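Take a look at the structure below.
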Amino acid sequence: MLLKAYFTDKIIIPLVVITLLNGFAFAIPVEDLSDRLAHTVSLYLSSLALLFIVGEELPKTKYRTVIDSVIAVTNGFLVSTCIESVICL
C-alpha cells in the first residue's frame, strides 16, 4: 500500500497537475503564438524532467501499467495543444 501511495504522490499527481496547467494555454490569446508555445513547451519539458528523475524507480514490466497510461495521456495532451496552437493561427 505504501508503494502505491508513493507512485501516486511522486508521479501521478504531478503529471495530472501539469495536464491541468496545460489548459491555461487556451487563456492566452491566439495571436500570441510564441507565448502559447512557450507555456506548453515548458510544461512538456517539466514532464520529461519529472519522468527522467523517477524513471529508474518505475517497475520494469512487459505490459502497460496505469502510470504508463497517465504518462501517455499527459504527453498526448501537451503535444496536441502545441499542434492546435499552430493550426489555429
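The model shown is predicted, which means the values in this text are computed figures rather than measured ones.
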Heavy-atom side-chain contact between [X] and [Y] under 4.5 Å:
X: Ile18; Y: Leu78; answer: yes
X: Leu37; Y: Val86; answer: yes
X: Ile67; Y: Phe7; answer: yes

Other residues, nucleotides, ligands: >12 heavy atoms within 6.0 Å of Glu56 CD |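 Counting neighbours around CD of Glu56, 12 or fewer heavy atoms of other residues, nucleotides or ligands fall under 6.0 Å, so no.
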
Within 6.0 angstrom of Lys62 NZ, more than 12 heavy atoms from elsewhere = no

Salt-bridged, Glu31 to Arg36, with N to O below 4.0 Å?
->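 Not counted as a salt bridge, because no side-chain N and carboxylate O are separated by less than 4.0 Å.
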
Partner of Tyr44 under side chain to side chain contact (heavy atoms under 4.5 Å, CB included), picked from Val79, Thr74, Asn22, is Val79

Can you name the one residue among Val66, Val70, Thr65 that meets side chain to side chain contact (heavy atoms under 4.5 Å, CB included) with Asp68?
->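 Filter result, single survivor: Thr65.
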
If hydrophobic clusters are built from ILVMFWY residues whose side chains come within less than 4.5 Å, do [X] and [Y] share one?
X: Ile11; Y: Leu20; value: yes
X: Tyr6; Y: Ile53; value: yes
X: Val73; Y: Ile83; value: no
X: Leu21; Y: Ile28; value: no

Hydrophobic cluster (4.5 angstrom, side-chain heavy atoms) - remaining members for Tyr63 =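 Traced through the cluster, Tyr63 reaches no other member.
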
With sequence neighbours left out, write down each residue that passes side chain to side chain contact (heavy atoms under 4.5 Å, CB included) with Leu51, or none if nothing qualifies.
->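 If we apply the side chain to side chain contact (heavy atoms under 4.5 Å, CB included) test to Leu51, skipping adjacent residues, the hits are Leu15, Ile71, Asn75.
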
Please name all residues satisfying side chain to side chain contact (heavy atoms under 4.5 Å, CB included) with Ser80, sequence neighbours left out, ordered by chain then number.
->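 Testing Ser80 for side chain to side chain contact (heavy atoms under 4.5 Å, CB included), a comparison that skips the adjacent residues, returns Phe77.
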
Over all atoms of both residues, closest heavy-atom pair of Pro14 and Thr8 = CD-O, 4.3 Å

Side chain His39, main chain Phe26, donor-acceptor under 3.5 Å |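 Checking the backbone N and O of Phe26 against the side chain of His39, no donor-acceptor pair under 3.5 Å is found.
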
Can you tell me how far CG of Asp9 sits from NZ of Lys4, rounded to the nearest 0.5 angstrom?
->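 CG of Asp9 is found 12.0 Å from NZ of Lys4.
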
Under 3.5 Å, is there a donor-acceptor pair linking the side chains of Thr81 and Thr40?
-> no

